[in-house]
Enquirer: 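I am attaching a structure below and will ask some questions about it afterwards.
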Amino acid sequence: MLNFTVGPVMSDPDVIEVANHSTPYFRTPEFSEVMLENERLMLEFLNAPPDSRAVFLTASGTGSMESVVMNVLNDSDKIIVINGGSFGHRFVELCELHKRNFTQVKCEFGHQLVREQLEGLENYTALLINMHETSSGVLYDMEMVAGFCRVNNILLIVDAISAFIADPIDMTAFGAAVVIAGSQKALAVQPGISFIVFSPEAIERVGNNPETCMYLSLRQALMNGKRGQTPFTPAVTTLLQINTRLHQISNSGGILQERKKIASVAKDFRSSIKDLPFELVSEFPSNAVTCLRPIHGGAKKIVRILRDEYQIWVCPNSGEMADVVFRIGHIGYITHEDNHKLIDALYDMNRRGLL
Ligand SMILES: *Cc1c(COP(=O)(O)O)cnc(C)c1O
């Protein structure tokens, strides 16, 4: 099967090979070394400010989102949540569950967030945003958001789980306090690990906030991470794969080169399907995903036929958008030929009157 979903995605053969062994014991200086290197490379790739830290949680991306809501924010925060789809909605649900004081700014599906929507929220203390709202494919205007947070002294927390590597992120330029990412999106490693990068200000907050959980305690994660360890048994193999992949990126021109690759796959796909009966859902797409609205409807059927008759996975949407749109991921180990197999399959379906 060719996998064009938004994660887990296809991995490089060298990364797959790492998982082809028994899991090594991890309370060792060698594994600590790997972890410290993972942290260092992550800080470098995100251009984190001096004295930032990164921790790796054995949890999917949502685990890191939840731990940030629990450990970085507190009862006295007034929080803005940008909600333009299912991932924005997830932050809303987390804030509700953990009884945070928040206001949501809703964006219509596929629409950009504009400055006017933040009017009147200048006295808030924190802002939660999914840099790329993966359900609609929108890449938010981070320059505008970062500027708003900077002038109003608002703590900027960025879920970059699907934007990391695919889209330009510069933690220093954004002035972001927290950036969250995960193993199974553009990093293209098996699922199981998500990571959180903290600015010194965010580290201080974690230290001052009460500890209200054990497994997702960021105070414990930060403390153990100093010696390259985790409080509990981590997804060791996934962390070893992450190390291989980070080295690979570093040795083949760095994160910029990797982003160019993803952007060119996305561009090739978008320009090749212009003659097909699809509408692009967003004018502000991330490089990671193209969200398509079939003009004649039937998104679910298209996803099913691609799977059953062409051995290609694309990503269905959920909820009320399930039969209205579907998504093509451009992340992971996708070759030019793979990309054209997908494009050819879509043209073939069009010839057969199936679009
Ligand atoms: C994939 C994703 C997540 C996390 O999803 P998990 O299934 O918990 O890994 C969170 N936010 C965004 C924007 C994502 O794309």
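Basis for what follows: all heavy atoms, side chains included, without hydrogens, waters or symmetry-related copies. Whatever order the structure lists them in is the order used to number ligands and atoms, beginning at 1.
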Enquirer: Using 30° and 60° as the class limits, which term best fits the ring planes of Phe56 and Phe195: parallel, tilted or perpendicular?
Expert: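 It falls in the tilted class, 30° to 60°.
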
Enquirer: Name the orientation class of the two ring planes belonging to Phe269 and His330 (parallel below 30°, tilted from 30 to 60°, perpendicular beyond 60°).
Expert: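 Answer is tilted, since the angle falls between 30° and 60°.
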
Enquirer: If you define the side chain from C-beta out and look only at heavy atoms, does anything of Ile249 sit under 4.5 Å from Ile165?
Expert: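 Result yes, sub-4.5 Å side-chain heavy-atom pair found.
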
Enquirer: Find all atoms of ligand 1 within a distance of less than 4.0 Å from any non-hydrogen atom belonging to Met65, and give their numbers and elements.
Expert: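 Answer, ordered by atom number: 10 (C).
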
Enquirer: Is there a nitrogen or oxygen of His132 sitting under 3.5 Å from a nitrogen or oxygen of ligand 1?
Expert: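 No; every N/O pair is 3.5 Å or more apart.
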
Enquirer: Quick check: are there more than 12 heavy atoms from other residues, nucleotides or ligands sitting under 6.0 Å from NZ of Lys267?
Expert: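 Result for NZ/Lys267: open.
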
Enquirer: Taking a hydrophobic cluster as the set of Ile, Leu, Val, Met, Phe, Trp and Tyr residues connected by side-chain heavy atoms closer than 4.5 Å, whether directly or through intermediates, do Ile255 and Ile196 fall within one such cluster?
Expert: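 Not linked; separate clusters.
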
Enquirer: Need the ligand 1 atom indices (1-based, order shown) with element for anything under 4.0 Å from a heavy-atom of Arg90.
Expert: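 Heavy-atom distances to Arg90 below 4.0 Å select 5 (O), 8 (O).
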
Enquirer: Heavy-atom distances under 4.0 Å decide this one: backbone, side chain, both or neither, for Ile161 against ligand 1?
Expert: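 Side chain only.
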
Enquirer: Would you find more than 12 non-hydrogen atoms of other residues, nucleotides or ligands less than 6.0 Å from Glu44 atom CD?
Expert: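 Result for CD/Glu44: enclosed.
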
Enquirer: Please determine whether any non-hydrogen atom of Glu133 lies less than 4.0 Å from an atom of ligand 1.
Expert: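 Checking ligand 1 against Glu133, which is what was asked, there is no heavy-atom contact under 4.0 Å.
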
Enquirer: Using a 3.5 Å cut-off on N or O atoms only, is Asn130 in polar contact with ligand 1?
Expert: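 Not met; the criterion fails.
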
Enquirer: Identify the protein heavy atom lying closest to atom 6 (P) of ligand 1, giving its residue, its atom name and the separation to 0.1 Å.
Expert: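 Of every protein heavy atom, Ser60 OG, 3.4 Å lies nearest to atom 6 (P) of ligand 1.
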
Enquirer: I need the nearest protein heavy-atom contact for atom 13 (C) of ligand 1: residue, atom name and distance, please.
Expert: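 Here the nearest protein heavy atom works out to Thr134 OG1, 3.2 Å.
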
Enquirer: Is it the side chain, the backbone, both or neither of Lys185 that has a heavy atom closer than 4.0 Å to ligand 1?
Expert: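 It is the side chain that gets close, since no backbone atom is under 4.0 Å.
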
Enquirer: Would you check the N or O atoms of Gly61, main chain and side chain alike, for any that come under 3.5 Å of an N or O of ligand 1?
Expert: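 By distance alone, the answer is yes.
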
Enquirer: Could you identify the single nearest non-hydrogen protein atom to atom 3 (C) of ligand 1 and state the distance to 0.1 Å?
Expert: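 Ranked first by proximity to atom 3 (C) of ligand 1 is Phe87 CE2, 3.4 Å.
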
Enquirer: What's the shortest distance from atom 11 (N) of ligand 1 to any protein heavy atom, and which residue and atom give it?
Expert: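 Result for atom 11 (N) of ligand 1: Asp159 OD2, 2.6 Å.
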
Enquirer: Just which atoms of ligand 1 are under 4.0 Å from any heavy atom in Ser162?
Expert: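 Going through ligand 1 atom by atom, the ones under 4.0 Å from Ser162 are 13 (C), 15 (O).
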
Enquirer: Are Phe4 and Leu187 connected in the hydrophobic side-chain network, where two residues link if heavy atoms are under 4.5 Å apart?
Expert: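 No; tracing contacts between hydrophobic side chains, which count when under 4.5 Å, never links both residues.
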
Enquirer: If I take atom CZ from residue Arg219 and atom OG1 from residue Thr212, how far apart are they, to the nearest 0.5 angstrom?
Expert: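 It comes to 9.5 Å.
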
Enquirer: Please report the interatomic distance CZ(Phe91) to CZ(Phe102), rounded to the nearest 0.5 Å.
Expert: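 Between Phe91 CZ and Phe102 CZ, I get 12.0 Å after rounding to 0.5 Å.
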
